[in-house]
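Reviewing the structure listed below.
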Amino acid sequence: MASSTTKSKPKAASKTKSTTKAKTAPKAVAKSRTASASKVEPAAVCHGVKVPDSPMMTPERANRINLARYEGQEIAGALEVVQPGDHVLELGAGLGIVGAVACKNGKPAKVMSFEANPNLIPHINALYKMNRLGKKIEVRNEVLISAPDAPQTMPFHIRNSYLGSSLIEAEHRHTTKVDVKVASYADVHRDFKPTVLLMDIEGGELDFLRHASLEGVRAIVIEFHPNAYGKEGMRECKSILARAGFTQVPHLCTRHIWTCTFDPNLQPPHPDGGWTESIEKADDVVIVPPVETGFVQRAGLLHADGSYLANGALWRNGRSLTTKPAMPEGDLPLRKGTWLWAGVLWMHFGHFLVESTSRLWALNQIKDKIDGILYIPKRPRNGDEVLDIHREFATLMGTEVPVICVDKPERVERLIVPGQGVGLGKMVSGTDSYRKAISKRFAKKVKADGPEKLYISRSKLPAGRGTLVGEAELEENLIRQGYTIYHPQKHDLTSQIATYKAAKQILAAEGSALHLLAMVASPKTQIGMVVRRPSGATQQLIRHVESFSGKAPEVITTLARSWKPAEDAKPRMWMGELDMPALEQELTAAGFIKSAKTKWKALSADDVKKRLGKNFVEVEAEPA
């Protein structure tokens, strides 16, 4: 019928044809405009992504973008972890560069970006359009909130410079407040199913992580903002990530920016169980000692096919200090027999006790006859050195097998690999298996022998180890109260243990000796720790003593001032100046000493400065 109608009305058909031509003309114009737009020169280029000009594009910023230094760490992290097929969720798109680089280079299936600043949205979309990424990436002008019962909108504070605009209102800075629509992370997580998170939200990350489910997410690139929530807030962010099973990619992490990945085989140890209480047995294992000194080292255990034996790694504070090493080249010597893997061997007394003994709990469970205990050195310069205390500890655990430190790559015929049973951080309390092994086996044949009142001193330690200013006066006062002054570094482990077992009251200057005391102390023993520095190590010692002895120590904090070397030095090098009158009062109140007519005298300020010399400066107290 349409055909017939067309034939009977040729003029109308001609008109229709003419109209059709008129309608197609704008398409040609649009195509011409698109072609013209594509010829617009970008202001900068980063990893193949063209960045259009905008009011934010200063010459300095353009240069940094061209050199791949603008958001360089975040971009490096994204390029490392984003893979084809990923669903990338970006919180805080900024100029859109990080998400676009990830989209163009990583080839994910989809990128969903959120940016709260409405002024940036047109420029982000212009960038996507210039790079023809519109089908794979989108930006939403919304605030993504993980907390339940979030409001429909939230105030967002825009600075004159887009940098630092945030949900958190900055003090002493002019900002413009706008209300931005809120989106539910729970909904996005359910529907979008992100596998990678890119997060730079100017301080909002702490509250986001507190409530967000990270199920299904295998990688996160995140910038922390301690200026918004303090050091404690940053620690909480990192702790949340560690608890969720994310571990750092060492070469892509700094204090403020992390790239971290989830790997079920690389979970941090937990004192409540998991791989920490497992015992793995493997044949033909390659032991790779470290070749470079560093906090994090590529060293550990490999299977014959080069795959990583992750349970052999040393962890501290949720961070793996040994990471997968490269497979050594060439033929390796074979160590025949069955051996027990003990991990990293520390020369430092405290680290040895808390980290190098962490796998010896397996001696309480394995039925296999072992030919010896194997370590690798923490510091390559120490080579195959094994100290007497290392061997003595193994003997006190009830074994006479040799203790060997492997300083060159080798193969082991059969290796028993227990989980890490104790360590620094949350692991300082130890697993149930580790505590039971210490209770059942360690130093069981050592009999108590020593005074009932003991002061564990640091006054005879070498310079630079961190001591108490006024410790000599403290010791004189304690001697008058019937205490014996004890210098543990002058005695072997067996003698130390015998002395600790005999004492009914023990005062100790905060330090590594308390780690050994924790392993053998009776809950009936009254223990007091005299704090010598403001440090997180204090809490570690408290938890260790309480977890192993069953009773927390009395914490005596009576520092008048803290002093540190004039050059930069870690807190362990600091010296605490004792407030002697306050110390006497606390020790009396706690029942460690009796009240005396002669009161303890305060230290003279001039005398303190004379003792310390010009190489120490006072530590300024942090504002409340």
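Computation of the quantities below employed the complete heavy-atom set of this structure, encompassing side-chain atoms and omitting hydrogens, waters and symmetry-equivalent molecules. Counting begins at 1 with the first residue of the sequence.
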- Task: To the nearest 0.5 Å, tell me how far Leu340 CG sits from Ile279 CD1.
- Result: 8.5 Å

- Query: Excluding sequence neighbours, so at least two apart, what forms side-chain contact (heavy atoms from CB on, under 4.5 Å) with Lys336?
  - Reply: Leu334, Glu413

- Query: Do the side chain of Arg319 and the main chain of Gln248 share a donor and acceptor less than 3.5 angstrom apart?
  - Reply: no

- Query: Is the side chain of His303 donor-acceptor paired with the backbone N or O of Asp305 at a distance under 3.5 Å, no angle test?
  - Reply: no

- Do Glu280 and Trp341 have side-chain heavy atoms sitting under 4.5 Å apart? no

Residues 415-428, side-chain donor-acceptor partners within the protein, below 3.5 Å, at least two apart:
residue : atom : partner : partner atom : Å
Gln420  : OE1  : Trp315  : N            : 2.9
Gln420  : NE2  : Trp315  : O            : 3.0
Gln420  : NE2  : Val422  : O            : 3.1

- Item | Heavy-atom pair with the smallest gap, counting every atom of Leu214 and Tyr185 | CD2-OH, 4.4 Å

- Query: How far apart are the closest heavy atoms of Ile542 and Pro553, and which atoms are they?
  - Reply: O-CD, 3.9 Å

- Query: Which pairs, with at least one residue in residues 203-222 and sequence neighbours excluded, count as a side chain to side chain donor-acceptor pair (under 3.5 Å)?
  - Reply: Asp86-Arg218, Glu205-His225, Glu205-Tyr229, Arg210-Glu236

- Message: Using side-chain heavy atoms (C-beta onward) and a distance below 4.5 Å, is Phe349 in contact with Leu516?
- Response: yes

- Query: Do Leu514 and Ile527 come close enough that some side-chain heavy atom pair is under 4.5 Å?
  - Reply: yes

- Message: Restricting to ring pair (Phe, Tyr, Trp, His ring centres under 6.0 Å), what partner residues turn up for His491, sequence neighbours left out?
- Response: Tyr486

- Message: Using the side-chain contact (heavy atoms from CB on, under 4.5 Å) criterion, which residues pair with Ser549? Sequence neighbours excluded.
- Response: Ala521, Val545, Lys551

- Item | Shortest non-hydrogen separation from Ile376 to Gly300 and the atoms involved | CD1-N, 4.2 Å

- Query: Is the side chain of His487 donor-acceptor paired with the backbone N or O of Leu461 at a distance under 3.5 Å, no angle test?
  - Reply: no

- Message: Distance alone, cut at 3.5 Å: any donor-acceptor contact between the side chains of Thr254 and Gln73?
- Response: yes

- Note on the structure: In terms of heavy-atom contacts, Pro271 and Ser429 come closest through CB-OG, 3.7 Å

- Query: Tell me, do Val520 and Phe442 make a side-chain contact under 4.5 Å, heavy atoms counted?
  - Reply: yes

- Query: Under 3.5 Å, side chain of Glu71 to main-chain N/O of Val98, donor-acceptor pair present?
  - Reply: no

- Task: List the atom of Thr259, the atom of Gly77, and the distance in Å for their closest heavy-atom pair.
- Result: OG1-CA, 3.2 Å

- Query: Counting only N and O atoms by type, is there a donor-acceptor contact under 3.5 Å from the side chain of Lys238 to the main-chain atoms of Arg255?
  - Reply: yes

- Is Asn615 reaching over with its side chain to a backbone N or O of Pro565, donor-acceptor style, under 3.5 angstrom? no

- Spacing of Ile201 atom CD1 and Phe208 atom CZ [to the nearest 0.5 Å]: 6.5 Å

- Item | N/O donor-acceptor pair under 3.5 Å between Arg532 side chain and Leu468 backbone | no

- Task: Drop me the distance from Ile389's CD1 to Leu353's CG, to the nearest 0.5 angstrom.
- Result: 7.0 Å

- Which atom names give the shortest non-hydrogen contact between Val291 and Pro380, and what distance separates them? C-CG, 3.8 Å

- Message: Any salt bridge linking Arg543 with Glu546? Criterion: basic side-chain nitrogen under 4.0 Å from a carboxylate oxygen.
- Response: no

- For a side-chain hydrogen bond (donor to acceptor under 3.5 Å, both in side chains) with Gln297, tell me which candidate from Lys378, Glu292, Arg379 qualifies. Lys378

- Item | Glu90 side, atom CD; Leu198 side, atom CG - distance, nearest 0.5 Å | 5.5 Å

- Euclidean distance, Leu493 CG relative to Leu396 CG, rounded to 0.5 Å: 6.0 Å

- Task: Could you walk me through whether Leu345 and Val403 pass side-chain contact (heavy atoms from CB on, under 4.5 Å), step by step?
- Result: CA-CA 10 Å; Leu345 186 61; Val403 177; 5.8 Å; no

- Please check if the side chain of His390 supplies one atom and the backbone of Leu387 the other of a donor-acceptor pair under 3.5 Å. yes

- Message: Please check this pair: side chain of Glu223 against backbone of Asp200, looking for a donor-acceptor N/O pair closer than 3.5 Å.
- Response: no

- d(Lys440 NZ, Asn364 CG) to nearest 0.5 Å is 5.0 Å

- Message: In the structure I gave you, are the side-chain heavy atoms of Leu374 and Arg335 within less than 4.5 Å of one another anywhere?
- Response: yes

- Relative to the ring of Phe548, is the ring of His544 parallel (under 30°), tilted (30 to 60°) or perpendicular (over 60°)? perpendicular

- Item | pair Thr276-Tyr434: side-chain heavy atoms closer than 4.5 Å | no

- Scan side-chain atoms only and decide if Asp492 and Thr494 contain a donor-acceptor pair under the 3.5 Å cut-off. no

- Query: Do the side chains of Val412 and Val406 get nearer than 4.5 Å, heavy atoms only?
  - Reply: no

- Message: Closer than 3.5 angstrom, by distance alone: can the side chain of Glu471 be matched with the main-chain N or O of Ser457 as a donor-acceptor pair?
- Response: no

- Message: Does Lys460, at its NZ atom, have more than 12 non-hydrogen atoms belonging to other residues, nucleotides or ligands within less than 6.0 Å?
- Response: no

- Is it the case that more than 12 heavy atoms not belonging to Arg435 sit under 6.0 Å from its CZ atom? yes

- Residues pairing under salt bridge (Lys or Arg N to Asp or Glu O under 4.0 Å) where one sits in residues 346-370, two or more places apart or in two chains, turn out to be Lys281-Asp368, Arg316-Glu355, Asp368-Arg414

- Are side-chain heavy atoms of Leu309 and Leu302 found at a separation under 4.5 Å? no

